[in-house]
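Working notes for the structure below.
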There are 2 protein chains.
Amino acid sequence: MPAASLDSSEHRSGPLLDHLARRMRLRSESVLSPLGLRPRHLVALTVLRDGGGTSQQALARTLAMDGTNIVGLLNDLESMQLVQRRRSAADRRRHVVELTDDGAKRLSEAECAIAAVENEVLGALEPDDREKLYLLLRQAASGTTVACEAVILEDTSPVDGR
Amino acid sequence: MPAASLDSSEHRSGPLLDHLARRMRLRSESVLSPLGLRPRHLVALTVLRDGGGTSQQALARTLAMDGTNIVGLLNDLESMQLVQRRRSAADRRRHVVELTDDGAKRLSEAECAIAAVENEVLGALEPDDREKLYLLLRQAASGTTVACEAVILEDTSPVDGR
DNA sequence: TATTGTTATACTCTATAACTATA
DNA sequence: TATAGTTATAGAGTATAACAATA
């Protein structure tokens, strides 16, 4: 088996990931600011779109952020009407957080805006390799984002969506 | 078929990169703290090992950090005797920063320590895919890390690039 | 009693400005 | 004058603790 190389102390992706994410985030900021968004807003919106409605705590686990900071993050997004909070009927302590139509639209615009940044930061990769990278990251993230599982929401699902 | 998809507004690696790097960094902290290191120390040590000695400004560009913060970062590493600062003979304004033997050793230990974290965060990927991811990240980073080129150090040159 | 969301607050990270020493 | 490094400091990001509402 080709396995052993993974244990090598020289093939660590962690620092590389950190390095690239940092560059991407810094450049993204200037591109996103005209849209009133910050990189972390984009991550949150993406998770909400892909994972569906969740409680704030589930969102906190998925984003690996402290729950107390989710409050401010959602306040930002809700004040821009990109996200909607409503009480869960099944457990009135919970807020069910969902992307609004405006939120989906803004997210789409933002993704378009940062395409240029990606082309720049990932410029050393051929288009094919960039696609491979995307798929690998996607798969890796799907493994860590399982936190959404925690709250499948209420059975009722009277989700009206403004 | 696979070509044009890159322009699609739905294949954005940025938020994924951010997401995964964040999880990796958070988990790494607890694993690295026994070694007296923080994730950003690891990134700096890695760059210094792979790129050779550089000036502090070149390091700042490579790490995409403000030069003023490099000072504190290097103070940390130098107080642990993991890096060495010495004046450049060619330009006495510059410090040439290099990894010490202790630094290389500590870096190696740290890489070993975070292997477990990587296995956890990238657990959704098969070993083969993890290796592919590493190679892609490495290639992408080599493209953005060119900053090191700026200062090839003293004895040689009048390297007044840019 | 335990959990969800909220507020207040302290700690860390990062960037801006001013200073020095060299060029 | 311009550049490399340093210091001081203000702003943003993040975590900890205490509280109200609900389970």
Side-chain angles (χ1 to χ4, degrees), chain A residues 18 21-23 25-30 32-33 37-44 53-79 83-97 147 150-151 153-154, chain B residues 18 21-23 25-30 32-33 37-44 53-79 83-97 147 150-151 153-154 157-162:
Chain A
D18 213 336
R22 182 185 182 83
R23 298 190 85 90
R25 182 165 36 78
L26 287 174
R27 306 239 188 184
S28 296
E29 272 172 14
S30 54
L32 291 177
S33 67
L37 297 176
R38 288 186 158 284
R40 102 184 57 87
H41 293 140
L42 198 54
V43 178
T54 55
S55 74
Q56 294 187 192
Q57 280 214 351
L59 189 60
R61 282 191 295 272
T62 299
L63 296 177
M65 284 180 63
D66 193 280
T68 62
N69 299 318
I70 295 291
V71 177
L73 183 65
L74 291 179
N75 287 348
D76 292 346
L77 296 174
E78 199 172 33
S79 72
V83 153
Q84 180 191 24
R85 271 191 272 216
R86 58 184 173 80
R87 285 283 167 192
S88 163
D91 184 343
R92 296 192 51 73
R93 291 173 303 184
R94 286 177 180 164
H95 276 162
V96 176
V97 184
V151 176
L153 302 196
E154 51 228 84
Chain B
D18 213 336
R22 181 185 182 83
R23 300 190 83 91
R25 180 165 36 79
L26 287 174
R27 306 240 187 185
S28 296
E29 272 172 15
S30 54
L32 292 176
S33 68
L37 297 175
R38 289 185 157 284
R40 101 183 59 85
H41 294 140
L42 197 56
V43 178
T54 56
S55 71
Q56 296 186 192
Q57 280 213 351
L59 190 60
R61 282 191 295 271
T62 299
L63 296 177
M65 284 179 65
D66 193 279
T68 61
N69 299 318
I70 295 291
V71 177
L73 183 64
L74 291 179
N75 287 348
D76 293 344
L77 296 174
E78 199 172 34
S79 72
V83 303
Q84 181 190 21
R85 271 191 272 215
R86 57 184 174 80
R87 285 281 168 193
S88 163
D91 183 342
R92 295 193 51 72
R93 292 173 302 183
R94 286 179 180 163
H95 276 161
V96 177
V97 184
V151 176
L153 300 196
E154 55 218 61
S157 49
V159 182
D160 285 327
R162 38 177 23 191

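Computed from a predicted model, the values in this text were never measured in an experiment. Residue numbering restarts at 1 for every chain, and letters A, B, ... go by the order of the sequence lines.
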[X] [atom1] to [N] [atom2], straight-line distance once rounded to whole Å:
{"X": "B:I70", "N": "D:dG5", "atom1": "CD1", "atom2": "P", "value": "10 Å"}
{"X": "A:N75", "N": "C:dA8", "atom1": "CG", "atom2": "P", "value": "12 Å"}
{"X": "B:L59", "N": "D:dT6", "atom1": "CG", "atom2": "P", "value": "12 Å"}
{"X": "B:D76", "N": "C:dT12", "atom1": "CG", "atom2": "C1'", "value": "12 Å"}
{"X": "B:Q56", "N": "D:dT6", "atom1": "CD", "atom2": "C1'", "value": "9 Å"}

Under 4.0 Å between a side-chain N or O of B:R85 and OP1 or OP2 of D:dT6?
-> yes
Under the side-chain contact (heavy atoms from CB on, under 4.5 Å) rule, collect the residues that match up with A:A60, sequence neighbours excluded.
-> A:I70
Protein-proximity profile, nucleotides 13-23 of chain D, B/S/- by nucleotide at the 4.0 Å heavy-atom cutoff, equals SBBBB---BBS
In short, A:L32 meets A:R38 closest at the heavy-atom pair CD1-C, 4.0 Å
Minimal heavy-atom distance between A:M65 and A:N69, with the atoms involved, is CE-CB, 3.8 Å
Spatial distance of atom OG1 (B:T68) from atom CD (B:Q56) [nearest 0.5 Å] | 11.0 Å
For A:E29, which residues count as a salt bridge (charged side-chain N to carboxylate O under 4.0 Å, His left out) partner, sequence neighbours excluded?
-> none
Do side-chain atoms of A:R22 reach the backbone of B:A64 as a donor and acceptor pair under 3.5 angstrom?
-> yes
